[in-house]
Amino acid sequence: MDHFDYRDRTLFCEDVPVPELAEKYGTPLYVYSEAALVANLNEVQTAFRDANPVICYSVKANGNLSICRLMGQHGSGFDVTSQGEFQRALKAGPAAAKVVFAGVGKTDSEIEFALKNGVFLFDVESEQELHAIGAVAQKLGVKADVALRVNPDLPPKTHVKTDTSVKGVKFGLDIETIVDVAKGVVGHPGLSVVGLHMHLGSPILKADPYRMGAEKGLGLIKQFRAQGHDIKYLNMGGGFGINYRKDEAKPASAFADVILPVVKESGCQLILEPGRFIVGNAAVLLSRVVFTKSTGGKHYVIQDAAMNDLIRPTLYGSFHRIWPVAPAAGVPVTPDVNGDPDDPQPFREMPNCFKQDVVGPVCESGDYLAKDRPLPGLTRGDLLAVFSAGAYGMTMSSNYNSRCRAAEVLVSGRTHRLIRRRETFADLVACEEDCLT
Ligand SMILES: *Cc1c(COP(=O)(O)O)cnc(C)c1O
């Protein structure tokens, strides 16, 4: 738990006791550690420093403006998948020179926006998109720098909904036809094909897919160059896994070990797009127990965070550690999680615990954060920490059931500040109220 640990039976984020944050800002609350964010970015920068890479933080993992600004201040560029994310990157600071733009459905107006705002590279996902970018660039009288995104067709490596480099997903250009697509734009007046891109999926717990992907990429780069394209960049995307359970993930250096030799051989500059690795374990979602009940042979903890705040368990069956912020006497101080990610029994036997479903107030049976999870007995008002909630948490949140989105707080040492205020009912209806007749 990066920068989140228990002292005297109370959870701290850096040097701040977490209950203090719940008191001040209310729940549900996303709590981020600035030290963890910077340390995780630094781990990637250090592991890959021999290649002097362009690191582009993936805004879709967590687009909070203060977090984006922090990334920019520490030398990161940005990976975006929409104009909205591009605008977040621009607001974060003067790093626009390092915005890479991926996504299968960029519209002409998004392409134009990106070109006018100094996009560093488009990651191109189809032949039609390539020609659309060329046409918009010509209209503006500029040349667009593009990297072709390949689907390297590797064996399955993560959850089916988040694997982006197997046959049968919408991402990238087929490895069988990408060379022909590249051939079709040799000498195009609006396009410079300067890179190869791949993003394998996420989260990835082994280095091997990166080695296989990079090696396939090297073969393609040679063919593009033979066609006359001046290939300068190899973009290996994001996807580095994190410890959701215990220690199932790899350090950044394990990925560097397999990627760096290929980058060296290619003579390209390396680009990386880490998201989850930087922000995933830099936050907890804090919630408060509203009620408990036992029904149909099951025990439920009903707390005030729901699928609209953190949808990963509902959407992907994802595992998040959950533990009381202040465990009672006789209860272990931290969740003792098995290290094996394939172990169907996520927890060891734990004293004074029994299996409970952690659910929210939303009117869906799919509204849960954990099922059959050994937890100690809880009472109304107890605080829970949902760990590893920083990536694809707040960015995937919604207003379903007319719930106001949670607030976000950034902790640094002994200090803390709001980086997104809690939504109000006025925010919820702002787009409708003027339309009332
Ligand atoms: C989502 C995404 C990323 C980031 O993935 P993480 O698992 O958060 O590191 C990087 N590149 C592209 C193209 C993406 O779509």
Side-chain angles (χ1 to χ4, degrees), residues 40 44 47-48 53 55-62 79-82 85 100-105 123-126 147-176 178 195-218 220 234-245 248-252 254-259 262-263 270-281 311-320 341-342 388 390-393 395-396:
N40 294 340
V44 180
F48 287 91
I55 292 173
C56 294
Y57 168 67
S58 189
V59 174
K60 81 172 188 291
N62 190 311
D79 157 51
V80 304
T81 58
S82 69
E85 288 184 357
V100 293
F101 192 172
V104 298
D123 293 329
V124 176
E125 312 228 10
S126 68
L148 301 182
R149 175 172 180 173
V150 66
N151 176 345
D153 188 20
L154 301 173
K157 60 207 80 60
T158 183
H159 191 279
V160 346
K161 287 186 188 168
T162 57
D163 197 328
T164 56
S165 57
V166 285
K167 268 243 156 58
V169 299
K170 68 180 177 181
F171 297 101
L173 291 148
D174 282 343
I175 192 154
E176 293 85 6
I178 191 170
L196 178 74
H197 175 236
M198 67 185 77
H199 169 64
L200 303 183
S202 177
I204 296 177
L205 298 174
K206 296 194 172 80
D208 222 35
Y210 289 93
R211 183 186 53 71
M212 290 190 280
E215 281 169 2
K216 285 190 175 190
L218 189 59
L220 293 174
L234 173 56
N235 183 344
M236 289 300 295
F240 301 163
I242 61 168
N243 294 325
Y244 282 105
R245 294 165 187 265
E248 69 270 29
K250 293 261 183 294
F255 301 107
D257 286 347
V258 298
I259 292 174
V262 182
V263 170
L270 175 66
I271 303 173
L272 292 170
E273 305 168 337
R276 188 188 313 270
F277 190 88
I278 289 171
V279 73
N281 266 330
I311 204 174
R312 298 187 68 255
T314 305
L315 194 59
Y316 311 128
S318 304
F319 180 96
H320 286 267
D342 295 320
S388 312
Y392 308 101
T395 40
M396 289 183 120

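Both backbone and side-chain heavy atoms feed into the values below; hydrogens, waters and symmetry mates do not.
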Is it true that a side-chain atom of [X] and a backbone atom of [Y] form a donor plus acceptor pair closer than 3.5 Å?
| X | Y | result |
| --- | --- | --- |
| T81 | A102 | no |
| N151 | G172 | no |
| E125 | G103 | yes |
| H159 | Y316 | yes |
| D163 | S165 | yes |
| N243 | R245 | no |
| N62 | G390 | yes |
| T164 | L200 | yes |
| H199 | G238 | yes |
| T395 | K60 | yes |

Original post:
So, are K167 and E176 salt-bridged, with charged N and O less than 4.0 Å apart?
Top reply: yes

Original post:
About how many Å separate CG of L234 and CG of L272, when rounded to the nearest 0.5 Å?
Top reply: 9.0 Å

Original post:
Considering residues at least two apart in sequence or located in another chain, which fulfil the ring-ring contact (aromatic ring centres under 6.0 Å, His included) criterion with F48?
Top reply: none

Original post:
Can you name the ring-ring contact (aromatic ring centres under 6.0 Å, His included) partners of Y392, sequence neighbours left out?
Top reply: none

Original post:
Should Y244 and H320 count as side-chain neighbours, where that means a heavy-atom distance under 4.5 Å?
Top reply: yes

